[in-house]
Amino acid sequence: MVPTMFTPHLLAEAEALLDRCRVDGLKIVTAESCTGGLIAGLLTEIAGSSDVVERGYVTYSNVAKSEALGVPAALIDVHGAVSRQVALAMAQGALTHSHADLSVAVTGVAGPGGGSTEKPIGLVHIATQRRGHKPQHKECSFGPISRSAIRLATVTKALELLEAVRTDVR
């Protein structure tokens, strides 16, 4: 067996999500900053994921968020890259620039540096959206744990929120 950085539980959750999306005929797009592609990496760790995972964007820089996802630079200037507004714009932009039905976007401060009083290490904004529906947002405060722990906690929460938006049929 090839070693993986993901726990068996997380892999099982990802596989179950992919199976449910497959049954529903839904495709997923990811837009990742602080996780650097780990959400897409987890999903594509599962054999056969290519029929559900439409594409993934790693938009680590502000310029990448604007160029690849269409996040307005002014929005980043006003609210900062780590914000509810930017996460929501990333989720919308990922849908706009893909053929997917569900998007998940993450932006945060993984540390160990870069935190501030207003935006401490461990602060992450996650947005999800189902095409044709209102976007959802979750602010997470994982605390000053390790960089890897923040990134993996973000992946776990993103998977939960993708499942919630999958069942959003409003």
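Please read these numbers as outputs of a predicted model, since none were measured by experiment.
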I need the [X] [atom1] to [Y] [atom2] distance, nearest 0.5 Å.
X	Y	atom1	atom2	answer
Arg151	Ser146	CZ	OG	10.5 Å
Leu18	Ser50	CG	OG	10.0 Å
Leu162	Thr30	CG	OG1	9.0 Å
Arg20	Thr167	CZ	OG1	9.5 Å
His79	Gln85	NE2	CD	4.0 Å
Ser33	Asn62	OG	CG	8.0 Å

Judged by atom type as modelled, is there a donor-acceptor pair below 3.5 Å linking the side chain of [X] to the main-chain atoms of [Y]?
X	Y	value
Ser141	Gly143	no
Glu45	Phe6	no
Thr35	Glu32	no

State, to 0.1 Å, how close [X] and [Y] come at their nearest heavy-atom pair, and which atoms those are.
X	Y	answer
Gly80	Lys119	CA-NZ, 3.7 Å
Ser103	Ala91	OG-O, 2.9 Å
Ile126	Cys140	CD1-SG, 4.0 Å
Ala31	Ala94	CB-CB, 4.0 Å
Ile145	Ala149	CD1-CB, 3.6 Å
Thr107	Ala81	OG1-O, 2.9 Å

Under 4.5 Å between any side-chain heavy atoms of [X] and [Y], yes or no?
X	Y	value
Cys34	Val124	yes
Arg131	Ser98	yes
Pro120	Leu123	yes
Arg147	Ile150	no
Arg22	Asp51	yes

Original post:
Given Leu38, which of Leu43, Val155, Val106 fulfils the side chain to side chain contact (heavy atoms under 4.5 Å, CB included) condition?
Top reply: Val155
Original post:
Are Gln92 and Gln129 close enough that a side-chain donor and a side-chain acceptor fall under 3.5 Å?
Top reply: yes
Subject >> Arg84 side chain to His125 side chain, donor-acceptor N/O pair below 3.5 angstrom >> reply: no
Original post:
Should Leu88 and Gln136 be marked as a side-chain contact (heavy atoms from CB on, under 4.5 Å) after you check the CA-CA gap, both sets of side-chain angles, and the distance that decides it?
Top reply: CA-CA 8 Å; Leu88 290 168; Gln136 306 293 316; over 6 Å; no
Original post:
Partners of Thr59 by side chain to side chain donor-acceptor pair (under 3.5 Å), sequence neighbours excluded?
Top reply: none
Original post:
With Lys157, which residues qualify under side chain to side chain donor-acceptor pair (under 3.5 Å), at least two apart?
Top reply: Glu160
Original post:
Hydrophobic cluster mates of Leu95, side-chain heavy atoms under 4.5 angstrom, ILVMFWY only, any path?
Top reply: Val29, Tyr57, Leu69, Val71, Leu75, Ile76, Val86, Met90
Subject >> Shared-cluster residues of Tyr60, by chain and number - hydrophobic side chains joined below 4.5 Å >> reply: none
When hydrophobic residues are tied together by side-chain contacts of less than 4.5 Å, even through go-betweens, does [X] share a cluster with [Y]?
X	Y	result
Leu159	Phe142	yes
Val82	Val58	no
Ile28	Leu11	yes

**OP:** With sequence neighbours left out, write down each residue that passes side-chain contact (heavy atoms from CB on, under 4.5 Å) with Leu26, or none if nothing qualifies.
**Re:** Cys21, Asp24, Asp101, Leu102, Arg130, Arg166
Original post:
Is it the case that more than 12 heavy atoms not belonging to Lys138 sit under 6.0 Å from its NZ atom?
Top reply: no
**OP:** Any side-chain hydrogen bond (donor to acceptor under 3.5 Å, both in side chains) involving residues 7-17? Give me the pairs, sequence neighbours left out, ordered by first then second residue.
**Re:** none
